[in-house]
Amino acid sequence: MDKKVRVRFAPSPTGGLHLGGVRTVLFNYLFAKKHGGDFILRIEDTDQSRFVPGAEEYIFNTLAWCGLTPDESPVHGGPHAPYRQSERKATYKQYAEQLVNAGHAYYAFDTPEELDQMRVQYKTEENPSPQYNHVLRAKMRNSLTLSADEVAALLAAGTPHVVRIKMPLDETVTFTDMIRGEVSFHTSQVDDKVLLKADGMPTYHLAVVVDDYLMKISHAFRGEEWLPSAPVHILLWQYLGWSAEMPQWAHLPLILKPDGNGKLSKRDGDRLGFPVFAMDWTDPKTGEKTIGFKERGFLSEAFVNLLALLGWNDGTDQEIFTMEELIRAFSMDRVHKGGAKFNYEKALWYNQEWIKRAAPEQLVDQVAETLAGAGVEGFVAGESAASAGVDRELLLRVIQLVKERCTLLADFVPQAAFFFATPAAFDTASIQPKWNDQKNMFFIELAKAYESSVVWEAHDLEKTLKEIAAAQDLKPGELMLPLRIMLVGGKFGPGVFDIAEIIGKQATIDRIRKVLSILEHN
RNA sequence: GGCCGGUUCGUCUAUCGGCUAGGACAGCCCCCUUUCACGGGGCAAAGACGGGUUCGAUUCCCGUACCGGCUACCA
């Protein structure tokens, strides 16, 4: 019988959510939705020293932005609450004790100093990082080396201690990873991981197993960095007597730095100038702000799309997917084994594709917000175009006209601002070299002609220009650039006459005359 | 060092034994465009290496090399 699909993402609230983290959520989510299952968000806040205020809220904001809504979570609730591990402390202790009583775990009284000392003492050329394992545990202070009386006394005195798993001497732990196939570990190579810390909090190893069991998780997907500790988890499922309920595992490939090697980190983004976090994150301690994909001007659909295609594809040439399409096409066995170097250029391409394909209606609010953020006249932050002082229909027309030349939402600022306000500066330096009295005369005439025109449509405006040019024996080609700069301020933007049509008669004439006067005074 | 994992154009990838090795991004060239883009066309660019297995290996197996992850009372 197949049990209901239930997956989870369990971040620790220590900072901004990284590309790799969001992709892990995405794969979990896609798998769950594909199979009509549940997606659970659990907060792994067992390390009090690393707790960062605001990080949990940030995680929820990020998931909301991406459209990855959990079915159960600390804020959405659910039948297995609480979903915050710090609130489940008592539960873990009970299982840790069960493990000790069954002989699969033991108490260890070694202080941090003693552990450091051990690592120094047993460090050799061949073994640069000694482990608290089946051989070294015999030399340490724990309930395996101490007498029962000593242990009882230590415990009674409230001596700080941890609970460690007792790795079996000579066993092979094998499991099937949905991506990698069969993976085996020899237990003699795995150390006695701490299960319960001295402060009574569980480590990840205990917590993940207990919670996955209690929350009836059917599939456990996580980053590849967890592969080495998988045998600990498998053994715990066995020792706790839950083997039959153990989820299926899949260890996702890592997202690597674009240059060099190693996994992508926030530093790489700072260094290379691209975001690594999904959304802006400000470290409450240092005040350091890290840019996010959202604030950089990515559409959430593009962000989700590009993440999905990092380490997965559906076997066809399709690259642009909506969330619905991803859900339909997703399968864990088409996820790669190898890590993928993150390529920001390609990420930009996804965003450009999404902007290009979007209907203006889908973009208006975000564009209005972006223009407001840039201080463009008439736009007010926090207000949609409709409620701000701008004609929504006009904005829609502008978006339709310029969207194909925008890669990021921020590109709408230079591309669209001149439709709503006279440019603050004009690139007259590009006109000057070939400027002369004849052209000056031409534009005076053009302004006059435009002033008296009855219809105001791109086609007629172009016709008028050509007629006057012909009459004055000028080539239209020489006049297009000056006119463009007069209307938009620089050498960019859509067709000049389309622009003139949209900004209207008065603005067109005003801008021509304004630049004419600037040129005259130079 | 040990353990585990990985390895197709610069990058992301297709290929589930038949390959003239396909696509996309980036690059270069041409066309379109009286700006910048979009679009269209083209060029260049890859199976880490060595052994097997096989009529035939990019694909399967074994070594080697290289890369990565882990090796905390962090996740």
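Both backbone and side-chain heavy atoms feed into the values below; hydrogens, waters and symmetry mates do not.
With RNA chain B read from its 5' end, the first of the two nearest nucleotides for A:Ala108 and A:Tyr350 is the one closest to A:Tyr350. Two residues, A:Trp312 and A:His161, neighbour RNA chain B, and the one matched to the more 5' nucleotide by heavy-atom proximity is A:Trp312.
In the set B:rC74, B:rC73, B:rU35, the nucleotide with an atom closest to the side chain of A:Val194 is B:rC73. Distances were taken from every side-chain heavy atom of A:Asn313 (C-beta onward) to each of B:rG69, B:rG1, B:rU13; the shortest belongs to B:rU13. Distances from the side chain of A:Lys466 to the nucleotides B:rU34, B:rA24, B:rU11 place B:rU34 closest. Of the listed nucleotides (B:rC3, B:rC12, B:rA75), B:rA75 has the atom at the smallest distance from the side chain of A:Ser12. With distances taken from any side-chain atom of A:Asn343 to the nucleotides B:rG1, B:rU11, B:rG5, the minimum falls on B:rU11. In this structure, the nucleotide among B:rC38, B:rG5, B:rU35 sitting nearest to the side chain of A:Arg180 is B:rG5. Counting only heavy atoms from C-beta on, A:Asp47 has its side chain closest to B:rC74 among B:rC73, B:rG39, B:rC74. Nearest to the side-chain atoms of A:Asp317 among the listed nucleotides B:rC74, B:rC25, B:rG23 stands B:rG23. Checked against B:rG23, B:rG69, B:rU13, the side chain of A:Ala340 finds its nearest nucleotide in B:rU13. When distances are taken from the side chain of A:Met480 to each of B:rG5, B:rU34, B:rA24, the shortest belongs to B:rU34.
Classification of the A:His205-A:Trp226 ring pair by plane angle, with boundaries at 30° and 60°, yields perpendicular. Taking the six-membered ring for Trp and thresholds of 30 and 60 degrees, A:Tyr204 and A:His233 have ring planes more than 60 degrees apart, a perpendicular arrangement. Using the six-membered ring where Trp is involved, A:Trp249 and A:His251 have ring planes that are parallel, under 30° apart on the 30 and 60° scheme. A:Tyr107 and A:His161 have perpendicular rings, their planes meeting at more than 60° on a 0 to 90° scale where under 30° would count as parallel.
Within 4.0 Å (heavy atoms only), A:Leu309 reaches sugar-phosphate atoms of the nucleic acid but no base atom. A:Gly338 comes within 4.0 angstrom of the backbone, heavy atoms only, and of no base. Residue A:Pro494 is in base contact, counting any heavy-atom pair closer than 4.0 Å across all strands shown. Within 4.0 Å of A:Lys475, counting heavy atoms only, lies no atom of the nucleic acid at all. A:Asp191 comes within 4.0 angstrom of no nucleic acid atom, judged by non-hydrogen atoms across all strands. Contact annotation for A:Gly223: no contact, since no heavy-atom pair falls under 4.0 Å across all strands. Using a 4.0 Å heavy-atom distance criterion, A:Pro112 is classed as a base contact. A:Gly262 comes within contact range of the sugar-phosphate backbone alone, with a heavy-atom separation under 4.0 Å but no base atom that close. Nucleic acid contact class of A:Ser184 (heavy atoms, under 4.0 Å, all strands): sugar-phosphate only. As judged by a 4.0 angstrom heavy-atom cut-off over every strand, A:Thr46 is placed among residues touching the sugar-phosphate backbone only.
A sub-4.0 Å separation between OP1 or OP2 of B:rC38 and a side-chain N or O of A:Gln352 is present. Remark: A:Arg357 is not in phosphate contact with B:rC38, judged by side-chain N or O atoms under 4.0 Å from OP1 or OP2. The phosphate of B:rC70 (OP1 or OP2) has a side-chain N or O of A:Lys263 nearer than 4.0 angstrom. At B:rC73, one or more side-chain N or O atoms of A:Arg119 fall inside 4.0 Å of OP1 or OP2 (strictly under the cut-off). A close approach under 4.0 Å does occur between a side-chain nitrogen or oxygen of A:His336 and OP1 or OP2 of B:rU13. Note on A:Arg164: a side-chain N or O is less than 4.0 Å away from OP1 or OP2 of B:rC73. At the phosphate of B:rC74, OP1 or OP2 sits under 4.0 Å from a side-chain N or O atom of A:Lys197. Contact annotation: A:Ser129 does not reach the phosphate of B:rG2 (side-chain N/O to OP1 or OP2, under 4.0 Å). One finds no side-chain N or O of A:Lys257 lying less than 4.0 angstrom from the OP1 or OP2 phosphate oxygen of B:rG68.
The cationic group of A:Arg164 lies under 6.0 Å from the six-membered ring centre of A:Tyr132 and within 45° of the ring axis, placing it in a cation-pi geometry.
Rounded to whole Å, the distance from CZ on A:Phe342 to C1' on B:rC25 is 12 Å. Atom CD1 of A:Ile234 and atom P of B:rC4 are 15 Å apart (whole Å). Separating the CG atom of A:Leu254 from the P atom of B:rA75 is a distance of 18 Å, rounded to the nearest angstrom. Atom CD of A:Glu113 is separated from atom P of B:rC73 by 12 Å (rounded to the nearest Å). Note: CG (A:Leu348) to P (B:rU11) measures 19 Å, nearest angstrom. When rounded to the nearest whole Å, the span between CD of A:Gln400 and C1' of B:rC38 equals 12 Å.
Between B:rC30 and B:rC70, the two P atoms lie 48 Å apart (nearest whole Å). Taking the C1' atoms as reference points, B:rA57 lies 15 Å from B:rC62, given to the whole Å. With C1' as the reference atom, B:rU7 and B:rU15 are 16 Å apart, rounded to whole Å. The same atom, P, is picked in B:rU53 and in B:rU11; the two are 33 Å apart, to the nearest Å. Atom P of B:rC3 sits at a distance of 12 Å from the matching atom of B:rU64, rounded to the whole Å. With P as the reference atom, B:rA44 and B:rC36 are 28 Å apart, rounded to whole Å. Spacing of C1' atoms, B:rC67 relative to B:rC74, comes out at 25 Å, to the nearest Å. Using P as the reference atom, B:rC4 and B:rU20 are 39 Å apart when rounded to the nearest Å.
Across all strands shown, B:rC3 is found opposite B:rG69 as a Watson-Crick or G-U wobble partner, with both distances under 3.5 Å. For B:rC43, the paired nucleotide is B:rG27, the pair qualifying as Watson-Crick or G-U wobble because both relevant distances are below 3.5 Å. As the counterpart of B:rA57, no nucleotide is assigned, since no Watson-Crick or G-U wobble pattern has both distances under 3.5 Å. B:rG63 is paired with B:rC49 under the criterion used here, namely a Watson-Crick or G-U wobble arrangement in which both key atom distances are under 3.5 Å.
Between the side chains of A:Asn28 and A:Arg8, no donor-acceptor pair of N or O atoms lies under 3.5 Å.
Side-chain contact between A:Ser12 and A:Asp47 is absent, with no heavy atoms from C-beta onward closer than 4.5 Å.
Here B:rC38 is in the syn range [glycosidic angle within 90° of 0].
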Q: Before giving the answer on ring pair (Phe, Tyr, Trp, His ring centres under 6.0 Å), spell out for A:Trp312 and A:Phe321 the whole-Å C-alpha distance, their side-chain angles and the decisive distance to 0.1 Å.
A: CA-CA 12 Å; A:Trp312 172 87; A:Phe321 289 84; 5.7 Å; yes
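You'll find a donor-acceptor pair under 3.5 Å spanning the side chain of A:Arg405 and the base of B:rC36, going by distance alone.
Other residues, nucleotides and ligands contribute only 12 or fewer heavy atoms inside 6.0 Å of the NE2 atom of A:His459.
For A:Phe293 and A:Phe303, the ring centers are positioned less than 6.0 Å apart.
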